[in-house]
*Asks:* 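This structure is in structure tokens; I'll ask about it shortly.
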There are 2 protein chains.
Amino acid sequence: MTQTSKYACCSGLRDEAASQLFKALCDPTRMAILVRLTDCCGERTVSSVAECCPIDMSVVSRHLTTLRNAGVVRAVKRGKEVFYSVRTDALAKSLRAIADELEACCPSTKEDSSE
Amino acid sequence: MTQTSKYACCSGLRDEAASQLFKALCDPTRMAILVRLTDCCGERTVSSVAECCPIDMSVVSRHLTTLRNAGVVRAVKRGKEVFYSVRTDALAKSLRAIADELEACCPSTKEDSSE
DNA sequence: TGCTCGTTTGCGTCATGGTGCAAATATAGA
DNA sequence: TCTATATTTGCACCATGACGCAAACGAGCA
């Protein structure tokens, strides 16, 4: 999450990293998978994660790959199983970096609850 | 962005609000529109926003509606123009709330830069 | 009222991506 | 080596959503 603003302020939002992050989190199934992973606060195998939703395990595997590429989860292979876990700190850090960049750019638009 | 954890921890991530937020931000064009809006740090009409990208203005209008429904931008009609602006505080707050919930649930998974 | 400008909406088209099934791959154990 | 289990990958299908164009809507102005 680079903070460089080459063209416009908040241009960091257009980074590949931010883009991938939002794409990873915008699918309901992937979000369910993520919640399932946070639920145990540790590691889970693909099979274990797959219990979260009524979809084929191969699909879960693909979603986990997507989340992994986005830096949301990490994968550790042990024996014939692969253990996935949430990269909590990295994820929280990325989200806060985006929030920071937004505020640094557009100081404040406090509102009266207008839409 | 409710912080209630009815079922699992981080279940707040499954809220409609969070879901809409990520869906709104996962499209490259909408992100470009958002950056364009942050660039001026104020208001922009649909036509002005549309200069950000080579797509039809009607499409930009639709994207702005999506962003508005997700609580990312606000719209104010004045005369025959509609002025859109970023809801910086609300957006930053939402992102931080998600980061907070993640950390509150899964304390820490500090890492050695493993993937 | 009639005209013009800015924006939104209806609709058809097309690309993307989520999904399931079956086959392939990898690893542990007999 | 052969088998069983866990995961990933190839492939085809289908739903969703982004897009452009044209028409509709709304507000200001002559």
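Below, chain A is the first sequence line, B the second, and so on; all start at residue 1.
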*Asks:* Treating primed atoms plus P, OP1 and OP2 as sugar-phosphate and everything else as base, which nucleotides of nucleotides 25-30 of chain D get B, S or - for protein heavy atoms under 4.0 Å?
*Replies:* -BSS--

*Asks:* Between Thr38(B) and Cys10(A), what is the shortest heavy-atom contact and its length?
*Replies:*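 In terms of heavy atoms, the two residues are closest at OG1-CB, 3.4 Å.
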
*Asks:* Can you tell me the distance, in whole Å, between the CD1 atom of Ile33(A) and the P atom of dT19(C)?
*Replies:*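 Value for this atom pair: 8 Å.
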
*Asks:* Please report the distance, rounded to the nearest Å, between CZ in Arg68(A) and P in dT7(D).
*Replies:*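 The distance from CZ of Arg68(A) to P of dT7(D) comes to 14 Å, rounded to the nearest Å.
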
*Asks:* Take nucleotides 10-19 of chain D nucleotide by nucleotide from the 5' end and write B, S or -, depending on whether a protein heavy atom sits under 4.0 Å from the base, only from the sugar-phosphate, or from neither.
*Replies:* BB------SS

*Asks:* On the six-membered ring of Tyr84(A), is Arg68(A) placed so that its NZ or CZ lies under 6.0 angstrom from the centre and within 45° of the ring axis?
*Replies:*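 The answer is no, since Arg68(A) fails at least one limit relative to Tyr84(A).
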
*Asks:* Met57(A) has an atom CE; how far is it from atom C1' of dC21(C), in whole Å?
*Replies:*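 It works out to 12 Å between those atoms.
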
*Asks:* Which heavy atom of Ile33(A) sits nearest to which heavy atom of His63(A), and what is that distance?
*Replies:*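 Between these two residues, the closest heavy atoms are CD1-CB, 3.5 Å.
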
*Asks:* Checking the side chain of Glu103(A) only, and the main-chain atoms of Ala92(B) only, is there a donor and an acceptor separated by less than 3.5 Å?
*Replies:*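 Checked: no pair found.
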
*Asks:* Minimum heavy-atom separation for Ala75(A) to Val82(A), with atom names?
*Replies:*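 It is CB-CG1, 4.0 Å.
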
*Asks:* Considering only NZ, NE, NH1 and NH2 on the basic side and carboxylate oxygens on the acidic side, decide whether Asp100(B) and Lys93(B) come within less than 4.0 Å.
*Replies:*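 Answer for the salt bridge query: no.
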
*Asks:* Could you tell me whether Phe83(B) contacts a base, only the sugar-phosphate backbone, or nothing, with contacts defined as non-hydrogen atoms closer than 4.0 Å?
*Replies:*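 Here Phe83(B) touches no strand at all.
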
*Asks:* Between Leu95(A) and Arg96(B), is the side-chain contact (heavy atoms from CB on, under 4.5 Å) condition met? List the steps.
*Replies:* CA-CA 7 Å; Leu95(A) 292 172; Arg96(B) 293 208 179 91; over 6 Å; no

*Asks:* Output side-chain donor-acceptor pairs under 3.5 Å for residues 17-24 of chain B, partner residues at least two apart or in another chain, one line each.
*Replies:*
none

*Asks:* According to a strict under-4.0 Å criterion, is Tyr84(B) in side-chain N/O contact with OP1 or OP2 of dT8(C)?
*Replies:*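 So the side-chain polar atoms of Tyr84(B) do come within 4.0 Å of the phosphate oxygens OP1 or OP2 of dT8(C), strictly under.
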
*Asks:* Measure CG/Leu67(A) against P/dT8(D) and give the value in whole Å, please.
*Replies:*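 Going from Leu67(A) (CG) to dT8(D) (P), I get 12 Å.
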
*Asks:* Could you state the CD-P distance from Glu43(B) to dT7(C), rounded to the nearest angstrom?
*Replies:*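 The answer, rounded to whole Å, is 12 Å.
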
*Asks:* Would you confirm whether Ser61(B), through its side chain, and Met57(B), through its main-chain N or O, come within 3.5 Å as a donor-acceptor pair?
*Replies:*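 Absent.
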
*Asks:* Using a 4.0 Å heavy-atom cut-off across all strands, classify Thr65(B) as base, sugar-phosphate, or nothing.
*Replies:*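 Nothing: the residue Thr65(B), judged by heavy atoms under 4.0 Å, touches no strand.
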
